[in-house]
Amino acid sequence: MRWWAGWCVVAGVALLAACGSSAGGGGAGASGSRSSEPSAGTSASSSVGSSGAASGSATGGGPSSSPTTSASPAGCAAGHTDVTVSPGDAAEQQLCVRPGTVVSLVLRPRVDDKLWTAVHSSAPAFVLLSGWRVDADGTAHATLRCATVRPGAGDVSVTAKAPDVAGAARPAFTLHVSVVPYSTQG
């Protein structure tokens, strides 16, 4: 093995360790772990505003976010957060999370003839895709794991395409994720 190949393997392992992935934690297994969440009656529902912090808006104009562990005083989600995007919501949204947060992104079926096709992270060191599936009704589910150690930001783009049209799928929704560390001042 060449020396540069060995360094690439070490860098890849360090990247996965920094993103908080665990053995067997990705793919379809990540969606099965949601059964231990509290019931819908016990979780708070809020919408994600343009500032990136979860706000207690009851309008439902943006994607809804329901943290299952705790929301930090600064408004950034921590632990596990569900983000739901419905037709008619803005094509770009912002989300502020604390290190180690797992985000479950649910994309409701589109009202046009396009279907959700894929999801892509611009910065896998900060926001790593660990699961993706599209249900028979057109609802798409993505599980994202945020960096556990260092702060940063990344864009998660979801593409959509009409099945009978030639060409590449285009981004139809973008989630700007900012990983903000806890303050060290006490």
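In this chain, numbering begins with 1 at the start of the sequence shown. Computed from a prediction, not measured in an experiment: that's the story for all the values here.
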Handout entry: Where at least one partner belongs to residues 160-178, residue pairs that pass salt bridge (Lys or Arg N to Asp or Glu O under 4.0 Å), sequence neighbours excluded
Key = none
Practice task
Flag yes if V156 and L129 sit in one hydrophobic cluster, no otherwise; membership is Ile, Leu, Val, Met, Phe, Trp, Tyr, and two members link when side-chain heavy atoms are under 4.5 Å apart.
Solution key: yes
Exercise for the section: Kindly give the heavy-atom pair with the smallest separation between P109 and P87, and that separation in Å. Expected result: O-CG, 3.1 Å
Exercise for the section: Could you state whether V102 and L105 fall into the same hydrophobic cluster, counting links through intermediate Ile, Leu, Val, Met, Phe, Trp or Tyr residues with side-chain heavy atoms under 4.5 angstrom apart? Expected result: no
Fill in the blank from the handout: All heavy atoms of A172 vs all of A91, minimum pair found to be O-CB, 3.8 Å
Practice task
Not counting sequence neighbours, which residues clear side chain to side chain donor-acceptor pair (under 3.5 Å) with T159? List them please.
Solution key: T117
Problem - Pair listing, salt bridge (Lys or Arg N to Asp or Glu O under 4.0 Å) test, anchored in residues 104-121, at least two apart - result: R110-D112
Handout entry: Non-hydrogen side-chain atoms of V180 and P151 separated by less than 4.5 Å
Key = no
Handout entry: Partners meeting side chain to side chain donor-acceptor pair (under 3.5 Å) with T139 (sequence neighbours left out)
Key = D137
Problem - side chain to side chain contact (heavy atoms under 4.5 Å, CB included) evaluation trace for V134 with L115 - result: CA-CA 9 Å; V134 179; L115 301 174; over 6 Å; no
In residues 118-125, what donor-acceptor pairs under 3.5 Å come from side-chain atoms, sequence neighbours left out?
{"residue": "S121", "atom": "OG", "partner": "A123", "partner atom": "N", "Å": "3.4"}
{"residue": "S121", "atom": "OG", "partner": "V127", "partner atom": "O", "Å": "2.5"}
{"residue": "S122", "atom": "OG", "partner": "D155", "partner atom": "N", "Å": "2.8"}
{"residue": "S122", "atom": "OG", "partner": "D155", "partner atom": "O", "Å": "3.3"}

Practice task
Consider only side-chain heavy atoms of I, L, V, M, F, W and Y, link residues closer than 4.5 Å, and tell whether V83 and L144 are in one cluster.
Solution key: yes
Practice task
Would you give the length of the straight line joining atom OG of S157 to atom NE2 of H176, rounded to the nearest 0.5 angstrom?
Solution key: 8.0 Å
Handout entry: Modelled atom types, side-chain donor and acceptor of H80 and S104, under 3.5 Å
Key = yes
Practice task
Of all the heavy-atom pairs spanning T101 and R98, show the shortest one and how long it is.
Solution key: OG1-O, 2.6 Å
Fill in the blank from the handout: Heavy-atom closest pair (W116 atom, G138 atom, distance to 0.1 Å) is CD1-O, 3.4 Å
Practice task
Answer whether the closest heavy-atom distance between the side chains of F126 and V177 falls below 4.5 Å.
Solution key: no
Handout entry: Distance-minimising heavy-atom pair for H141 and D135
Key = NE2-OD2, 2.8 Å
